[in-house]
Structures are given as C-alpha cells and as structure tokens.
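Convention: sequence-line order gives letters A, B, ...; per-chain numbering from 1. FYI, side chains are in, hydrogens and waters are out, and symmetry mates aren't considered; it's all heavy atoms of this structure.
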2 protein chains.
Amino acid sequence: MTRYETREVHLARRPDGMPVKDDFRMVTTSLEAPGPGQILVRNILMSVDPYMRVRMAKLPSYPHWELDQVMDGSAIGVVERSEHPELPVGAVVSHRLGWREHAVLDARRAGPVRHVTGIPLAAHLGVLGMAGFTAYIGLTRIGAFAPGESLYVSGAAGAVGNVVGQIARILGAGRVVGSAGTPAKVAYLVDELGFDGAFDYHVESLSDCVAANVPDGIDVYFDNVGGVHLQAALDSMNPHGRVVVCGAIGEYNALREQPGPSNLIYVLTKRLRMEGFTIREHMSAYPAFVAQATTWLLDGQLRSTDTVVWGLGSAVDAFRDLLVGRNIGKMLVRLSEDPAPPPV
Amino acid sequence: MTRYETREVHLARRPDGMPVKDDFRMVTTSLEAPGPGQILVRNILMSVDPYMRVRMAKLPSYPHWELDQVMDGSAIGVVERSEHPELPVGAVVSHRLGWREHAVLDARRAGPVRHVTGIPLAAHLGVLGMAGFTAYIGLTRIGAFAPGESLYVSGAAGAVGNVVGQIARILGAGRVVGSAGTPAKVAYLVDELGFDGAFDYHVESLSDCVAANVPDGIDVYFDNVGGVHLQAALDSMNPHGRVVVCGAIGEYNALREQPGPSNLIYVLTKRLRMEGFTIREHMSAYPAFVAQATTWLLDGQLRSTDTVVWGLGSAVDAFRDLLVGRNIGKMLVRLSEDPAPPPV
C-alpha cells in the first residue's frame, strides 16, 4: 500500500507564558493514500494566528489542542492525488489542516480556490480569508459600524486590524485611527492604507495618545490587544459606543494573571456594548464577504498585506514573531512555491 | 406675594469615597406660589438610589449634580396649590424633584399616580417605578432573557435586583439565583420571593459559590455591583451569555481606583455580550411596563418590597445606609403620611 512520508508540528506541552521551541515538536510521519472521496494535498501556504495561542491553553468553552497531536489552522495547498471528481489533481484548495506539509482529507472539507488575475494566493489566507472576514464581521455585525462614525483599532497593522481600518474607510468612516508597535507600521497604515491617523503605542500615556488621535471620541473600538489598550480606549469612548472584542494578544501569554481595566464603569455610564465573537459562528456570510472583498481588491480600494517566512521548520518562529508583533499584515508560512496559474 | 417656606438638601461638596454628613447641607428656602400651568407639591415619599452616588461625582458622558444646589430624584407628592386643571389640589403625582419637602413645577413635568386598591403608594417608586422598570428593561431588552435560561443577579435584595429575579421567574426562567449581603436578605429572596437559590456573598471564594449555585452556568448575569462580583460571574457564564451592566455599587465610592476583572478574556472566548444602559433612554416602554407589572402585582406573582425611613433630615443617612446595603428592596424616605384614598 502506498504511503506518503511527510512532516507535521505537534504541541509537545502547554506553553507557560511566551511559547518556546520545546513546547513544539517536528514529527516525521506517513500518510495513507486517499480513500474514496478523499484528496492528498501538498500545502503551499499555512497561517499562524494569535487565536492559536488560546488553543494551546485549556480554557472553558473554547476549543483546545491536545498534546502530542498535530495542530491545525488555515492552509492552502494543491491536490496531488484525488479520489473525488470535483477536486482533481492540480486543483488549488483551502482547508483547515495547517501545521503540516501534506494532508489527506475528505474533499468536502476543502474548498476550491478560484484563480483571479491580480490577486495573489496569499490573499486567500489574509484579506480574503478568516482574517479579513473576521475584520468585516467584527466591524459590521458585532460593532454595527455606521457611516460617519469614528473607528479606533488596536493591533492595526496586524492581519485583522489592517483590514478593519481599510473596510471602515470604504464604508465611509468619519475617522479611522489605529495603533501599532513600530514607526514602520505606523507609517504603513497612514501612507499606504489611508488611515486618518496612527500612532506607536509605546508612549507614556496611552490614554492621552488615544484621546489626542480621536478628538471627537470613539464610536467603535475594535480590540485586538486587550489589557491597557482596552482601558485607554474606554476613556475615549463616546456614549453608546461599541467595543468589538476580537482578540487579546496582549494577554494571551499571561492568561488570567493581569488585572482588567480599572475604568470598566464607563460601560455603565457611557452605555457601551462590549461583545466577543468567534468567526466560526458566522460562516454563512462568508461567500458574500469574499465576493464583496474581491471587488474591493480588484478596484484598488482594499490592499492585501502579508509577512511571509519559508518552511515548516520556521513555523514556530513565525508564530512567536507574530505574538511579539514582528509582522505587518497577515503572518504566513510558505511551504512551497505557488503553482503556475491555469492556462487562459 | 405668597411664599412657601420649605427645606431641601444641597450637595455641599463632591464626596471622596463613602459620602459623609458634611458632603450635604440642609437648607431652608422659600418657594414662590405656582404660576400659570404650575403646581405646588408637598412630597410624601422620595427615593434614594445608588446612581445618585455617580451624579455626585463628575464623570464624562454622565450627568452630574452641581455644588450648592438642591439634588433631585424620583418623588411622589400631593398637590397643595394648582394652576393647572388636570392636576387639582389633592391629586397625587410622581415627579423628579426629590430631596426637598415641597416643590413648585410645571404640571407637565408631573404625572398623576392612579390609586389602585391593594397597591401601596410606595410601590410607585419601587417595583412600579424606575427601579422595577430598570429591572424589566435590563432583563428583557438589554439581557434578551429567554424562557428556560438561567439568571444570576447580584445585589439581589436591592430595589432593582429583587424585581429582576421575580420577573425572570414570571418569564419562565430555568433557574433564578441571587446574592446578597446578609442571611436575612438571603432568606427573604428564597422564602418570600421564590428565588431558586440565594447566598451571602461574604464567602471565601465568590467564584466557587456562584458556580455551586448555578451548576449549569449563567445565561444572563444582571450586575448591580461590579468588581469582584462581575469577575466571579464571568467564571460561570455560558457561551453567548449576556452581562447586563446596571450598576456598580461596589465601585461607586472608589471610582477608577479598583482594578477590573482579571478574566475579561472570557468576553472573547465565551462570546459574551456586556452592555450598560440608563433607564432614561427607554422611557417610551414605561406605560406598557406599568400596566404589565400592575397586573402581576394584583395577581400576586410580583411583590413590592421596601425599607422606609422618616423625614428629610434622615435622607442622607438613608442614602448612606443604601450604599452599604442596609435596605431590603427599595430604600425610601417618607416625608409625610399617605393621603386618604379617594372616595369610592
């Protein structure tokens, strides 16, 4: 029986604080040939995301990864063996079996990635993938963002944050402001992505800095960071403002150890709404989002931004770099070259 | 020109922490006779409420009281002079000019209180007044409470909290649990008001105690207290739970000084919604609420509970007692006896 040797990354133990190399293990394994209805995929690109840090812990009401098992996540690959007529050899597909070089899976758990001239494959894991969709759902459905309102987003140069700001601008925001951790990111947000304002959060008073950048107050705060970033935003929220709780990257390595914002009383006095969400519960809106965002990409209103590292052996480093903000846009691990586009 | 001598309570300075006597001043003043369209009211009952502590501070986006001015709040009185045909002498009215023995006001800023046999006047400031209405709106509109769901309310023996639990029970709650600060209150909640469970929050681990009392988790947490009470409730929230931020009596005397809950990450991982509100923005639903709650009162499903002290000179003490939880149900100050009911 044919078997395919490949490599995958296992969770060796639950990280204590910032993940280290020894929390993970590279494992060589072999896959059986695909059975009826299955495909063998060679991964081209895989995603590393902040939420993965939460999966490495064991929290109530949130799925966690098992120890000594391969992790997973969004990936794009090319079909190398197929036992399903709709996804033939050579087809490019997106699926959920990242953190490995090859995967055998049921074809119905993979979706075809349509080649669109001018849109790189990587965009399907970033601005058109779960990151962009998270930005869109968080802003519009959870945040109920309306034209003319002001938006402030933390982690604004990240995979989700940069798309939040861009979509708010497209939807007619009164003001779009983001914070990020380096001068290069700040410049990128303003000069390349059209943010009205951006600042480096390494300042003496984050609260004063937010207030200065959003002088008319914040209607929607899109929180990717949590902790003191949330506290600073609460100070500047307008009455009836919405706080979209999308991530708390600043807290992932210190789960439960940090005090919360000391000004939570503003939720009461300013009549704020603060809501967390997970994108998996909104998937029915995904096709419509992809169609809309593809149009925005093609007409130049929306830009795809990513930071790419090469090789599965670099995936843990890419993930660690992500947690300390070394990326601009989507952080991706490239496992192989893009296939040639289909003949016209 | 006729003038009426009366007394009122002024805010002398903004309290630092727990309000003390010297933060207030009893002032004897005189009122002009009512002009066209006005009435002179002798107050019978006035309300003291936790939100008043917030008005004594000066917070952004929340109305505050001016120094050296009379405070205000809900009150019920009887018309003693009238220049408006619809509110003649002897009519009982509710209005917003509490903290004083008499008031002259435009008749359109007062509403007639209809005498209903079996419903004491005090109920109109409690279960039928803003306290009860706050409970109803918070539970149904902000909390989107549904039959079969579990409710947990802190400050459950307070003016709002006791009504929250009773209405949840009437609406078909799966489980109704409340916390309060004395054994007598706990007994009252279970034995008199029909709560499924109640406990004294003076325990070693509030989180463990909440979890033990709501073994299947909390769908709606109605927060009257904030601080560690919010933190304990977050530990037991079910996915998609709602936190109704109605009050933060535990924080009013220490505004901005306490750290927030250290487990706010549950808003993200459990996809919670947390929302503050102020009852003034929901007044269009008030008449329908009064009609519904009156029916519940008359058929015995809902009970009116209050703690009454006598005399304007005791109003500050009543307010201080309220902040440390010496009341069961609505805290009221009685300024004069109820008038005789109208002839049948």
Exercise. Side chain of A:Asp223, backbone of A:Val245: donor and acceptor closer than 3.5 Å?
Worked result: no
Problem set entry | Any donor-acceptor pair under 3.5 Å from A:Asp219 side chain to A:Ser150 backbone | yes
Exercise. Given the options A:Asn238, A:Val267, A:Val243, which has more heavy-atom pairs under 4.5 Å with chain B than any of the others?
Worked result: A:Val267
Seminar exercise, completed: Answer key: most heavy-atom pairs under 4.5 Å with chain B among A:Gly217, A:Pro239, A:Pro261 is A:Pro261
Exercise. Are A:Val153 and A:Asn224 close enough that some pair of their side-chain heavy atoms sits under 4.5 Å apart?
Worked result: yes
For this session: Quickly, which of B:Phe199, B:Tyr152, B:Tyr201 forms a ring pair (Phe, Tyr, Trp, His ring centres under 6.0 Å) with B:His229? Name it, please.
Result: B:Tyr201
Exercise. In Å, rounded to the nearest 0.5 Å, how long is the span from CZ of B:Arg242 to CZ of B:Phe222?
Worked result: 13.5 Å
Exercise. How far apart are the C-alpha atoms of A:Leu171 and A:Leu139, what are their side-chain angles, what is the distance that settles it, and do they pass the side chain to side chain contact (heavy atoms under 4.5 Å, CB included) test?
Worked result: CA-CA 10 Å; A:Leu171 296 180; A:Leu139 185 68; 4.2 Å; yes
Exercise. Is it the case that A:Ser262 and A:Gln231 place a side-chain donor and acceptor less than 3.5 Å from each other?
Worked result: yes
For this session: Output the residues of residues 273-290 of chain A for which the shortest heavy-atom distance to chain B is under 4.5 Å, in residue-number order; output 'none' if no such residue exists.
Result: A:Arg273, A:Met274, A:Glu275, A:Gly276, A:Phe277, A:Thr278, A:Glu281
